[in-house]
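Worksheet for the structure shown next.
Per chain, numbering begins at 1; letters A, B, ... match sequence-line order.
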2 protein chains.
Amino acid sequence: MTKIDDVARLAGVSPATVSRALRGLPTVSAATRSRVLAAAEQLQYAVSPSASRLAGGRTGTVAVVVPRITRWFFGVVVEAAEDFFHRAGYDLLLHNLGGREQNRQRVLHATHLHKRVDAIMLVATPLRATDVTALAALDLPGVTISSGTTVPGWPCVRIDDVAAARTATRHLLDLGHRRIAHISGDPDDELAFSAHLDRRRGHQEALRAAGLQPDPSLDVESSFDIAGGTRATEELLRRGDPPTAIFAACDEMAMGALTALRDAGLRVPQDVSVIGIDDHALSGVLGLSTIAQPAAEQGRLAAQLLLDPLCGRALDADVSKPDASVILDTRLVVRDSTAPARAN
Amino acid sequence: MTKIDDVARLAGVSPATVSRALRGLPTVSAATRSRVLAAAEQLQYAVSPSASRLAGGRTGTVAVVVPRITRWFFGVVVEAAEDFFHRAGYDLLLHNLGGREQNRQRVLHATHLHKRVDAIMLVATPLRATDVTALAALDLPGVTISSGTTVPGWPCVRIDDVAAARTATRHLLDLGHRRIAHISGDPDDELAFSAHLDRRRGHQEALRAAGLQPDPSLDVESSFDIAGGTRATEELLRRGDPPTAIFAACDEMAMGALTALRDAGLRVPQDVSVIGIDDHALSGVLGLSTIAQPAAEQGRLAAQLLLDPLCGRALDADVSKPDASVILDTRLVVRDSTAPARAN
DNA sequence: CTGAAAGCGCTTACAG
DNA sequence: CTGAAAGCGCTTACAG
């Protein structure tokens with residue numbers, strides 16, 4: 001394969017100058033630059049990433065860690081971030097935890113990401129105190145999305161989960177519901193992220209603000225996906241005296257709830273109202289009411305917060321402080337799965 | 001940061017021996033190996049990937065190219081492949097084309113992947129003759145999933161799209177339908193993959209086998225996703241004399257069709273039957289009849305076909321020939337979206 | 001604006 | 001089984 005010396009020879013300059021010209025450094029005369037570019041083109045030269053990284057200390061790569069790429073939110077976040085990274089010339093190293101705690105530990109292990117990437121994006125990845133220490137010791141720029149625990153020096157992009165949940169439950173209360181169930185992720189799951197707890201908190205705050213006591217028998221935990229929503233709802237129905245409304249912690253759980261209710265012969269929204277959080281791509285198809293959150297915007301913004309400093313660009317004043325959380329807006333979307341409680 | 005010489009000094013051996021011991025080469029005595037391992041552990045040593053790659057010529061990385069990570073099939077394939085790669089010690093470099101032809105060209109450009117990865121996995125990525133030449137010139141192992149064009153020396157994992165489509169349309173015919181529409185991806189889209197055409201072909205074969213002529217007015221092309229399914233169905237209804245059944249080229253398009261039909265006041269399956277291909281995670285929730293294809297299995301198997309030779313493992317006899325297509329089974333799943341045609 | 005030299009931190013023949 | 005030496009292909013001060 002052709003290397004930098006070949007290009008240097010053909011262009012009649014030193015390898016150092018080829019290196020500078022190809023990277024667009026300003027300290028190269030226009031004439032020299034064009035000769036180098038022509039030579040590189042003619043020889044089909046491509047820099048060796050390994051050699052460049054070893055000599056330069058930059059990898060041009062960002063690690064992205066997500067719990068499950070197959071879940072709506074994470075897919076959208078990764079797509080938006082990937083687009084931003086590639087435009088900026090960065091490669092994306094994907095780490096999908098696949099719901100396995102052991103993968104989380106492997107990825108976050110001090111030595112794994114070291115020297116392998118220039119920056120880290122952690123999406124909804126729970127962090128213990130030791131993880132935070134290890135990440136800080138890596139001394140790499142990073143950003144978190146939807147993270148409960150923050151890493152010193154890393155910005156965090158998120159929504160206000162407590163407020164989003166409050167809005168969801170308040171919508172059901174406004175429709176006259178009083179027996180409102182909540183189904184959500186299993187907090188004993190080591191990969192459970194903070195949104196679970198925040199959303200439950202928002203739900204309970206809304207109940208209390210309406211003068212209601214949260215009823216433990218109306219609060220069921222399961223896995224944070226479609227199947228989990230189905231199981232949680234089945235459990236709810238098994239307990240007798242079913243709720244007139246269900247607030248699911250995410251749209252995928254809400255969709256599972258729809259299945260369970262249908263299989264139980266209950267109609268939505270006539271018998272039971274259902275609302276989720278997300279505005280999943282299929283929520284419209286299903287007529288699911290929800291609290292919409294901007295997933296792509298979170299991915300794009302986090303990528304920008306991560307890369308702008310690396311590329312020497314100035315950040316917007318409001319988001320320029322690392323450690324600063326950027327909180328994006330959510331909005332209630334009412335479709336056909338929520339309706340007034342029947343007077344009985 | 002600690003480097004290999006530090007470990008060598010502490011263990012009282014040469015750097016070469018440290019390198020061998022850490023990589024588990026057999027030519028190291030047990031005593032030496034354990035001393036090296038202990039020293040490395042004590043110093044928290046991690047090999048520098050860039051240096052190792054430059055000296056050794058291996059990157060330990062696989063490039064995965066998908067059209068859109070947010071679509072069900074690609075998310076599942078990537079998750080399954082990622083799991084296999086990481087277990088084998090390989091990193092995954094993700095390239096999401098995001099529906100942009102320009103991204104496809106950038107990724108496939110001869111120099112882009114060169115020296116950056118040890119192997120390539122192309123998922124449903126259309127290849128022109130020049131691309132195939134460029135990929136072959138890279139001289140890297142590769143594998144394709146759901147690809148119409150094959151790369152010499154690369155195995156391909158797929159389903160029989162023609163047969164899958166035939167089964168879908170035959171199911172509708174068996175229910176007594178005669179006016180069966182087909183909605184599918186836009187073949188003019190430069191990122192359209194071969195499955196579009198194969199599925200249309202299977203559909204038309206089934207019609208002809210039943211003595212019917214494919215009716216162009218019942219064949220609408222749009223984007224290969226939910227929104228495309230909606231638009232295609234709206235167009236279909238606009239043409240008047242609506243079909244009694246719709247075969248969508250994928251479940252996401254079928255879901256879009258469900259929305260359009262509902263918005264038009266048509267009931268599924270009483271007025272119109274709908275079937276897709278995939279068995280998307282939400283098809284069960286929607287009661288969508290479909291032809292199920294094993295997405296995770298395709299990702300896992302392709303990853304294995306790619307890595308086994310690299311890891312020096314022997315392959316199963318039946319799949320050991322590169323260039324060989326491995327064709328996985330599909331199966332008809334009847335739910336609530338298909339019903340007998342009304343006698344009128 | 002450009003070049004000569006050193007160095008990035010490993011692995012690989014080669015020799016023993 | 002182990003070591004000394006060379007080399008992987010760049011980039012970075014440094015000097016001019």
Side-chain angles (χ1 to χ4, degrees), chain A residues 1-37 39-40 43-61 89 91 111-118 139 310 312, chain B residues 1-37 39-40 43-61 89 91 111-118 310:
Chain A
M1 216 44 205
T2 113
K3 26 203 204 183
I4 201 168
D5 300 84
D6 303 323
V7 180
R9 208 169 304 119
L10 181 59
V13 296
S14 71
T17 298
V18 173
S19 173
R20 293 184 189 109
L22 258 28
R23 280 177 299 148
L25 298 191
T27 63
V28 180
S29 75
T32 306
R33 185 188 309 280
S34 59
R35 252 189 307 142
V36 169
L37 258 34
L43 297 176
Q44 289 258 56
Y45 171 72
V47 63
S48 155
S50 320
S52 171
R53 288 170 191 190
L54 180 57
R58 290 183 59 260
T59 65
T61 307
D91 276 337
T111 57
H112 186 80
L113 293 172
H114 186 63
K115 296 185 213 162
R116 202 172 292 267
V117 295
D118 295 338
D139 199 28
L310 287 184
Chain B
M1 215 45 202
T2 113
K3 28 203 200 180
I4 202 169
D5 299 84
D6 303 324
V7 180
R9 209 170 304 121
L10 181 59
V13 296
S14 73
T17 297
V18 173
S19 173
R20 294 184 188 109
L22 257 28
R23 279 177 300 148
L25 297 191
T27 64
V28 180
S29 75
T32 305
R33 184 187 309 280
S34 59
R35 251 188 308 142
V36 169
L37 259 34
L43 297 176
Q44 289 258 57
Y45 172 72
V47 64
S48 154
S50 320
S52 171
R53 288 170 192 190
L54 179 57
R58 290 182 59 258
T59 66
T61 306
D91 276 337
T111 56
H112 185 81
L113 293 172
H114 185 66
K115 296 185 213 161
R116 204 172 289 269
V117 297
D118 295 338
L310 288 185

B:Arg9 CZ - C:dG9 C1' separation (whole Å): 13 Å
B:Thr17 side chain near D:dT2 phosphate (N/O to OP1/OP2, under 4.0 Å): no
Protein-nucleotide distance (B:Leu25, atom CG; C:dT11, atom C1'), rounded to Å: 10 Å
Pairs involving residues 4-23 of chain B, ordered by first then second residue, that meet salt bridge (charged side-chain N to carboxylate O under 4.0 Å, His left out) (sequence neighbours left out): B:Asp6-B:Arg9
C:dT11 phosphate, OP1 or OP2, under 4.0 Å from B:Ser19 side-chain N/O: yes
Rounded distance (Å) that lies between atom P of C:dG9 and atom CG of B:Leu43: 15 Å
Secondary structure of DNA chain C in dot-bracket form (Watson-Crick or G-U wobble, distances below 3.5 Å, | marking inter-strand pairs): |||.||||||||.|||
Touch class at under 4.0 angstrom, heavy-atom based, for B:Ser52 against every strand present: sugar-phosphate
Residues forming a side-chain hydrogen bond (donor to acceptor under 3.5 Å, both in side chains) with B:Arg116, sequence neighbours excluded: A:Asp91
Distance test, side-chain N/O of B:Arg23 to OP1/OP2 of C:dT12, below 4.0 Å: yes
Length of the CG-P vector between A:Leu22 and D:dG9, whole Å: 16 Å
Grab the N/O contacts between the protein and nucleotides 4-8 of chain C below 3.5 Å, and write none if there aren't any.
residue	atom	partner	partner atom	Å
C:dC8	O2	A:Ala55	N	3.4

B:Tyr45 side chain near C:dC10 phosphate (N/O to OP1/OP2, under 4.0 Å): yes
Test item: A:Arg58 side-chain N/O and A:Ser52 main-chain N/O as donor-acceptor pair under 3.5 Å: no
From B:Leu54 atom CG to B:Lys115 atom NZ, the distance as rounded to the nearest 0.5 Å: 10.0 Å
Interatomic distance where CZ belongs to B:Arg33 and P belongs to D:dT2 [whole Å]: 9 Å
Closest non-hydrogen atom pair between A:Leu22 and A:Tyr45, with its separation: CD2-CE2, 3.5 Å
Sugar-phosphate only, base, or nothing, as touched by B:Thr27 at under 4.0 Å among non-hydrogen atoms: base
Whole-Å gap separating C1' (D:dG3) and CG (B:Asp5): 13 Å
B:Asp118 side chain vs B:Thr59 backbone, donor-acceptor pair below 3.5 Å: yes
side-chain N/O B:Ser50 vs C:dC10 OP1/OP2, d < 4.0 Å: no
Residue list, ring-ring contact (aromatic ring centres under 6.0 Å, His included) with A:His114, at least two apart or on another chain: none
Touch class at under 4.0 angstrom, heavy-atom based, for B:Pro26 against every strand present: sugar-phosphate
Test side-chain contact (heavy atoms from CB on, under 4.5 Å) applied to B:Ala46 - qualifying residues, sequence neighbours left out: A:Thr111
Partners meeting side-chain contact (heavy atoms from CB on, under 4.5 Å) with B:Val13 (sequence neighbours left out): B:Ala11, B:Thr17, B:Val18, B:Thr32, B:Arg35, B:Val36
